[in-house]
Structure formats: structure tokens, C-alpha cells
Amino acid sequence: MSGYRTPLSRARGLGSAKHGVGHFIGQRVSAVALIFLVLWAVDSALALAHTDYENAVLWLRSPWNAILASLLIAVASFHMNIGMRVIIEDYIHKPPTKAALLILNLFVAVLVTAAGVFSILKVALSGGAY
Amino acid sequence: MSDAKGAGQRARPISPHLVGGEHILFWRWHLTMFCSMMHRATGVFLYLGAIVGATWAFSLASGPDAYGLFLVIIGSIIGKLFLFGLTFSAFYHLANGIRHLAWDMGEGFEPKTADTTAAAALAFGAAATLAVWVIAALTGGL
């Protein structure tokens, strides 16, 4: 295959999809981060499962919990956006439908990050609804 | 196309897609194939889980009433079933994701190794899920 490519095309390294290996590398780097963040999240969920509103607020006011929860929601959104993008590109071939679903996928990932991180900061910095 | 086939023409070779005409599965079912499908399915489940996770933070930021409503929904039978599936999805996707990272480094492609790690990923997902739910039950989290 590479024998048919021009030297300029090889130097650009973008391939037929025109965006190179950015998604490939991003998906793997975020996966490594998520190994630790997800294990932390399961441990946290176990702690939060038997607490009420006040204790949940106290938990999220702890700086490390707020930092790791924000990182989890941001990195998970990044990772799931790429993953769902691959699924859409694999199964949806009609250009308008594909474009619409890819935009929706991006909007969901950005909205999850924005809503999650803003909510976490609001609780962490002000103590919830008060 | 098949009706255009002339005398002496053989059936053309086909590329190994997962499913072909008239919804025939071209590939024999195998553990590694099942694990690959499960990786995608659990990934979609975790996508929904992330939305629920953001909803948890949003309800906590919205006050005691909103958080109480969230706890009622997530504490219902359907909520717990969802969380159980989410727990398995997280552990399985994590374990199978490590298989993917190993493959990216060129390791673990031998059929026997791939079979063993496939079974290990499924077993880890099941065992870790059970462990977490037993801990949740013992600590009053259910």
C-alpha cells in the first residue's frame, strides 16, 4: 500500500481519513488514565451508596474527590466520544445521517463534561444548593 | 448479481465481513469474537453510565430534593439493574481494554493466548462485579 503513496503524503502522515492517528493515540492515552479513574470511581460509588445528601456534599467538597471526579467525567467523555464515533462510522453509511449522529455524539460528550464539571465545582466551592 | 453469472463462472471470493447477504453470519462463533462484541456493547453501556454520572453531580448541585429524587430512581429495581450492568461493563471493558493495549504493543495475538485472556477478561468482569455488590450489601449500600 505505502508503495502507491507519494513522499509528501507519507510525510503528512494523515492517511485516507485525513486526520492521522490523533484519535488512535488519544483513545489509548485516555484508556490508561481511565484504568485508575474508574477503579477510584467504583470505590467512591461504594462509599456514596450508603450516604445521604449532606454526606455526599461533604464528600464532594474534599479537594481530591472534586479533582478526580472532574477528571473522570472529562476523560471519560473524551474516550466515549471517540469510541461512539468509531461505532457510528462503522455502521452508518448515509452521509447526512452519519454527520448528524457524529454531531449529536460530540454534543452529548461536551454537554456531559460541562454539566458534570460545573455541578462538581458548584458543590465543591459552595457546598451544594446553599 | 448472481443471475448475471455466465456459464463457467465461479462464485467470486468475498471479503470477511461479519454478516453478509440474507443476514448469514460468515464467522463461526468464538470466545474472542464474543469478547470483541462485548467490548463494544459494554462501551455503549458505559456511555449511558457517564450520562447518569453527570446527572448524579447535577442533582447534587441542584439541592436535597433533586438529589433525593435521583436516589429514588437509582435505588429502584430498574436503577439497581442498570447499576449492576454498569458495574460489569466497567470491569469487563477495563479488563478487555488492557487486552487491547497489549495488542497495540504487538503482544497476545497467539490463538491460545487470545483465548486465555478473553476468558480471563470475562471472569474478571463477573468476579469483580459480584465482589463489589457483596461489599455494597455488607456495608448497607443496597
Side-chain angles (χ1 to χ4, degrees), chain A residues 24-25 27-28 30-32 34-39 41-43 45-54 56-57 59-60 66 69-70 72-73 75-77 79-84 86-87 90-91 105 108-109 111-124 126-130, chain B residues 17-18 39-71 74-75 80 83 86-87 89-91 93-101 103-105 128-129 131-142:
Chain A
F24 181 90
I25 293 170
Q27 188 72 329
R28 273 122 194 107
S30 57
V32 173
L34 282 169
I35 293 173
F36 304 101
L37 289 170
V38 164
L39 290 176
V42 172
D43 182 56
L46 275 171
L48 286 163
H50 52 85
T51 57
D52 53 8
Y53 170 78
E54 278 75 20
V57 167
W59 180 86
L60 202 48
S70 303
L72 172 68
I73 205 85
V75 179
S77 296
H79 187 88
M80 77 188 199
N81 176 48
I82 300 175
M84 188 62 85
V86 173
I87 294 177
D90 274 359
Y91 301 130
N105 179 39
V108 168
L111 183 65
V112 163
T113 307
V117 172
F118 176 82
S119 301
I120 289 163
L121 290 179
K122 181 171 185 273
V123 174
S126 72
Y130 309 115
Chain B
H17 292 298
L18 204 57
H39 196 69
R40 211 160 247 211
T42 51
V44 172
F45 209 114
L46 288 163
Y47 194 104
L48 299 175
I51 295 172
V52 171
T55 308
W56 169 81
F58 192 85
S59 68
L60 193 62
S62 303
D65 293 343
Y67 194 66
L69 180 64
F70 179 86
L71 288 185
I74 210 71
K80 278 180 185 152
L83 285 182
L86 194 64
T87 315
S89 295
F91 282 127
H93 200 87
L94 195 156
N96 203 56
I98 291 171
R99 288 177 79 217
H100 272 277
L101 290 175
W103 293 331
D104 292 337
M105 294 185 285
T129 303
V132 161
W133 282 75
V134 166
I135 293 171
L138 293 176
T139 54
L142 292 190

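Source: prediction; values computed, not measured. Chain identifiers are assigned alphabetically (A, B, ...) following the order of the sequence lines, protein sequences preceding nucleic acid strands; residue numbering begins at 1 within each chain.
Using a 4.5 Å cut-off between heavy atoms, Phe118(A) makes no contact with chain B at all. Both the backbone and the side chain of Ile87(A) come within less than 4.5 Å of a heavy atom of chain B. Residue contact with chain A, scored on non-hydrogen atoms closer than 4.5 Å, involves the side chain of Leu94(B) exclusively. Interface residue Asp52(A): only backbone heavy atoms are found under 4.5 Å from chain B. Proximity to chain B is limited to the side chain of Leu60(A), based on heavy atoms less than 4.5 angstrom apart. The contact between Ile98(B) and chain A is made entirely by side chain atoms (from C-beta outward), counting heavy-atom distances below 4.5 Å. Residue Val38(A) touches chain B through its side chain alone, counting heavy-atom pairs closer than 4.5 Å. With a 4.5 Å cut-off on non-hydrogen atoms, Trp56(B) touches chain A through its side chain but not through its backbone.
The minimum heavy-atom distance linking Ala50(B) with Met80(A) is given by the pair CB-SD, 3.5 Å. The shortest heavy-atom contact between Ala57(B) and Ser119(A) is O-CB, 3.2 Å. In plain terms, the two heavy atoms of Val44(B) and Met84(A) that are nearest each other are CG2-CE, 4.2 Å. The two residues Lys122(A) and Ala61(B) have their closest heavy-atom pair at NZ-O, 2.8 Å.
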request  = Mind running side chain to side chain contact (heavy atoms under 4.5 Å, CB included) on Tyr53(A) and Leu71(B) for me, showing each step along the way?
outcome  = CA-CA 9 Å; Tyr53(A) 170 78; Leu71(B) 288 185; over 6 Å; no
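Of the listed residues (Leu86(B), Ile135(B), Asp104(B)), the one with the most heavy-atom contacts under 4.5 Å to chain A is Asp104(B). With chain B as partner, the option from Ile120(A), Val42(A), Leu111(A) having the largest number of non-hydrogen pairs under 4.5 angstrom is Val42(A). Ranked by heavy-atom pairs under 4.5 Å with chain B, the list Ala56(A), Ala45(A), Ala76(A) is led by Ala56(A).
Taking a 6.0 Å sphere around CZ of Phe58(B), one finds it holds 12 or fewer heavy atoms contributed by other residues, nucleotides or ligands.
Qualifying side-chain contact (heavy atoms from CB on, under 4.5 Å) partners for His100(B), counting only residues two or more places apart in sequence or in other chains: His39(B), Asn96(B), Trp103(B).
Phe91(B) has its side chain within reach of Leu39(A): a pair of non-hydrogen atoms, C-beta onward, lies under 4.5 Å apart.
Applying the salt bridge (Lys or Arg N to Asp or Glu O under 4.0 Å) rule to pairs touching residues 39-67 of chain B yields Asp90(A)-Arg40(B), sequence neighbours excluded.
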